[in-house]
Amino acid sequence: MSSAPSAKSLDPAVQQMIAQAEKQEIKTIWDRYQAMTPQCGFGDTGLCCRHCLQGPCRIDPFGEGPRQGICGATADVMVARGLDRAIAAGTAAHSGHAKHLAHNLKKYAEGKTEAYSIKSPEKLRTVAERLGISLDSRSDREIAADLATAALADFHEKETPVLWATTIINPERAKVLSGLNLVPKGIDHEISEIMHRTLYGVDADPVNLLLGGLRCGVADLAGCAMGTELADILFGIPQPTVSSTNLGTLKSDAVNIALHGHNPVLSEVLVAAAESRQDDARGAGANGINLVGVCCTGNEIMMRHGIPSCTHSVSQEMALVTGAVDAMVVDYQCIMPSVANVAECVGTRVITTMDIAKISGAEHVDFTEEAAGEKASEIIDMAIEQFKRRQGRKLVIPQVTTPVVAGFSVEAIVAALTTINPSDPFLPLVDNIKNGNIRGVCLFAGCNNVKVPQDHNFVEIASKLLKENVLVVATGCGAGALMRHGFMDPAQVKELCGEGLAAVLTAIGEANGLGGPLPPVLHMGSCVDNSRAVSLTVALAQYLGVDTSQLPVVASAAEAVSEKAVSIGTYAVAAGLPTHVGVMLPVLGSELVTTILTDKVRDLTGGYFIVDVDPASSAQKLLAAIDERRHGLGLD
């Protein structure tokens with residue numbers, strides 16, 4: 001499953017579209033990256049500061065130039081401040097997503113929108129009960145109102161800790177975090193405090209700064225968990241579904257609408273609207289409406305509706321280069337501004353929908369929950385009109401698709417295990433961890449990075465871990481990378497997995513009436529859904545009566561890009577997990593910060609960062625971390 005790392009992408013469909021873009025003289029991310037090299041070595045190591053108007057300042061890592069910034073900030077302080085700001089930005093993104101869903105739930109409870117309902121009343125009541133909200137003789141709408149109020153209250157500083165931080169972790173972990181003062185007081189409060197303490201002339205203690213960053217990372221976990229749970233309540237708990245992925249999911253004779261971004265508030269309504277507007281598309285000469293997903297919105301609609309995922313992350317422009325996308329509809333996060341430029345070259349309409357995420361050159365439809373159905377219909381009208389305009393135009397659609405089985409929520413995993421042991425679902429999983437059929441568990445998360453041949457690190461590391469019987473789960477564009485290369489196709493289990501893991505996946509699949517195994521890698525959803533992996537880890541820890549820091553569980557952001565990946569990695573470390581990052585973090589300019597992140601923090605939380613750009617040695621380090629945890633539990 002490996003390929004030469006000199007390629008721009010391991011994906012054959014993307015390779016074809018890169019050549020097509022070059023033929024049409026369309027500049028893409030790979031061209032812009034090449035134009036940007038060589039990149040600034042000071043910024044690459046975190047030794048560049050622009051946090052005040054006296055700068056920018058830079059510190060010479062070789063000791064021949066300045067040793068302090070103009071204000072006197074040392075390399076350690078400069079690097080710690082920069083890292084903290086990245087954590088705060090990632091937390092703001094995930095929690096903004098969650099806040100949007102909380103407001104959506106509140107509007108539903110108040111009867112202000114007709115487009116939304118409670119698709120999972122069971123989860124509504126489960127979450128409400130966990131948060132201490134009364135259920136007795138109350139309607140879903142009444143409970144939803146209180147849950148929305150509780151969610152919004154978690155954003156502000158208050159006397160009690162953030163509920164979504166303290167109630168989703170195990171008691172042992174809560175005690176560790178509380179003892180280190182790492183329990184957030186409010187999600188927005190922690191983001192604001194990071195921005196305050198990293199301001200010119202405030203916190204200049206690198207250790208104190210990093211502790212503040214860890215607490216903000218725990219706030220990010222709270223925001224992710226909130227976003228996941230509220231989405232499940234409003235739109236339904238994902239269950240395994242059969243779908244497909246890659247650029248071949250586009251159809252030349254259909255109205256192709258690509259849904260891109262992260263928040264299902266928009267995409268869920270568009271899915272329903274598209275179904276009701278199929279005849280209108282046929283009336284325009286199309287063979288219906290074909291929805292495809294891009295990035296995490298693609299994950300959301302795939303795992304709940306089986307809608308194919310077209311492409312992910314660094315290759316998002318390639319969907320447009322085909323000429324087949326009539327409308328790319330975006331909400332927010334991970335949308336490259338360049339899509340508007342590429343769309344202009346090929347005749348695609350890029351439609352922004354959120355006030356905080358407009359793009360010059362794109363069209364804007366102001367999406368609101370109160371008028372959700374009307375706005376969705378307007379967007380579909382725009383796509384149908386564009387389909388009419390592109391008739392007769394030459395399209396280049398790579399005939400590359402891969403089967404995918406997606407949608408493994410924690411509830412779905414537990415249900416699958418229940419078919420094997422109804423009275424004790426976790427026992428089969430634990431027994432197979434003990435006997436070595438499952439050596440450990442690895443979560444793959446994060447993005448694609450143009451500095452890495454697309455998907456190379458994910459494919460190389462996952463291939464090694466699966467052969468070593470490591471159970472792999474994946475989210476976000478990391479899941480996208482693996483699904484495009486067959487890692488979520490049950491037919492690939494024998495080829496990809498070690499004998500022990502293959503036996504476990506086959507036994508569970510057959511017990512659930514699939515007539516074969518589960519896929520080699522379990523798809524758990526979008527990037528906020530990393531909280532599902534944490535929830536599964538917490539459930540396993542509670543079953544065994546240990547802390548999460550003792551489990552043979554690791555994480556990897558093999559091609560990280562976004563500041564969201566930094567905040568996710570931070571909360572994984574706070575949860576006690578060895579966490580790999582496959583690109584260099586901008587911290588090497590400070591030996592102190594690097595040592596704390598990769599070593600000393602382990603004494604505090606049990607977790608630590610593994611920063612390694614070589615996928616072969618990264619896999620070995622992740623396996624060593626798993627084996628160390630197995631040894632600690634007496635599972636040699």
Side-chain angles (χ1 to χ4, degrees), residues 1-39 244-250 294-295 309-322 334 336 338-339 342 396-402 404 444-467 474 476-489 492 495-496 520-521 556-562 565 580-584 612-619:
M1 299 299 294
S2 63
S3 179
S6 59
K8 294 177 179 178
S9 173
L10 268 64
D11 185 337
V14 172
Q15 290 172 5
Q16 182 178 340
M17 299 322 297
I18 290 173
Q20 180 66 21
E22 291 173 352
K23 182 179 178 181
Q24 294 182 234
E25 298 184 347
I26 298 172
K27 298 297 184 184
T28 69
I29 187 170
W30 287 279
D31 301 305
R32 296 189 297 274
Y33 172 65
Q34 189 61 41
M36 201 59 64
T37 56
Q39 293 178 306
S244 60
T245 188
N246 221 317
L247 294 171
T249 59
L250 294 167
V294 179
C295 289
S309 195
C310 181
T311 194
H312 301 82
S313 195
V314 77
S315 56
Q316 59 191 260
E317 296 164 305
M318 300 299 102
L320 303 180
V321 175
T322 65
C334 298
M336 296 194 296
S338 62
V339 294
V342 176
V396 182
I397 303 175
Q399 296 306 301
V400 179
T401 60
T402 304
V404 176
F444 280 94
C447 333
N448 289 129
N449 190 315
V450 72
K451 293 180 177 180
V452 180
Q454 187 187 18
D455 304 338
H456 175 68
N457 286 359
F458 284 112
V459 168
E460 289 293 313
I461 300 173
S463 295
K464 177 65 173 176
L465 297 188
L466 288 170
K467 282 296 184 185
C477 289
L482 293 172
M483 72 173 68
R484 289 196 304 277
H485 295 279
F487 285 77
M488 295 179 186
D489 179 1
Q492 300 300 317
E495 178 185 344
L496 291 172
V521 174
S556 174
E559 301 176 21
V561 167
S562 173
H580 167 250
V581 181
V583 295
M584 277 299 167
D612 191 340
V613 300
D614 179 68
S617 63
S618 297

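- Smallest separation of non-hydrogen atoms from K467 and E495: NZ-O, 2.8 Å.
- Residue Q34 comes nearest to T37 through the heavy atom pair O-OG1, 2.7 Å, listed as atom of the first residue, atom of the second, then distance.
- S309 contributes atom OG, which lies 8.0 Å from atom CZ of R484 (distance to the nearest 0.5 angstrom).
- Once rounded to the nearest 0.5 Å, the distance linking OG of S618 with CG of L465 reads 10.0 Å.
- Between C334 and V294, the closest side-chain pair of non-hydrogen atoms is not below 4.5 Å.
- Here the straight-line distance linking atom NZ of K23 with atom CE of M17 works out to 10.5 Å at 0.5 Å rounding.
- Between Q492 atom CD and L466 atom CG the span is 11.5 Å, to the nearest 0.5 Å.
- Side-chain atoms of Q454 and N448 form a donor-acceptor pair, as typed in the model, at a separation below 3.5 Å.
- Contact of the L247 side chain with the D11 side chain is not registered, since no non-hydrogen atoms from C-beta on lie closer than 4.5 Å.
- Of all heavy-atom pairs spanning P520 and F487, the tightest one is CD-O, 3.3 Å.
- With a 4.5 Å cut-off on side-chain heavy atoms, Q316 and I29 do not count as touching.
- Contact between I461 and P615 at its shortest, heavy atoms only, is CG1-O, 3.5 Å.
- Although no hydrogens or angles enter the test, the distance criterion places no donor-acceptor pair under 3.5 Å between the side chain of Q20 and the main chain of M318.
- Remark: Q39 CD is packed, more than 12 non-hydrogen atoms of other residues, nucleotides or ligands lying under 6.0 Å away.
- Taken to the nearest 0.5 Å, the CE atom of M488 stands 5.5 Å off from the CG atom of L482.
- The closest donor-acceptor contact from the side chain of Q24 to the backbone of E22 lies at 3.5 Å or more, if one exists at all.
- Between W30 and V14, some side-chain heavy-atom pair lies under the 4.5 Å cut-off.
- The main-chain N or O of A481 is never found under 3.5 Å from a side-chain atom of H312 such that the two would form a donor-acceptor pair.
- Rounded to the nearest 0.5 Å, atoms CE (M36) and NZ (K451) are 11.5 Å apart.
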Test side chain to side chain contact (heavy atoms under 4.5 Å, CB included) applied to V613 and M584, step by step: CA-CA 7 Å; V613 300; M584 277 299 167; 4.1 Å; yes
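- Counting only distance, with no hydrogens or angles, the side chain of N449 and the backbone of A560 share a donor-acceptor pair below 3.5 Å.
- Closest approach of T249 and C310 over heavy atoms only: OG1-CA, 3.8 Å.
- Minimum interatomic distance between A319 and L250 (heavy atoms only, all atoms of both residues): O-CD1, 4.0 Å.
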One pair to check against side chain to side chain contact (heavy atoms under 4.5 Å, CB included): H580 and D612. What are the steps and the verdict? CA-CA 7 Å; H580 167 250; D612 191 340; 4.2 Å; yes
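- Side chains of L10 and P453 form a contact here, defined as non-hydrogen atoms less than 4.5 Å apart.
- With contacts defined as side-chain heavy-atom distances shorter than 4.5 Å, the pair I18/T28 does not qualify.
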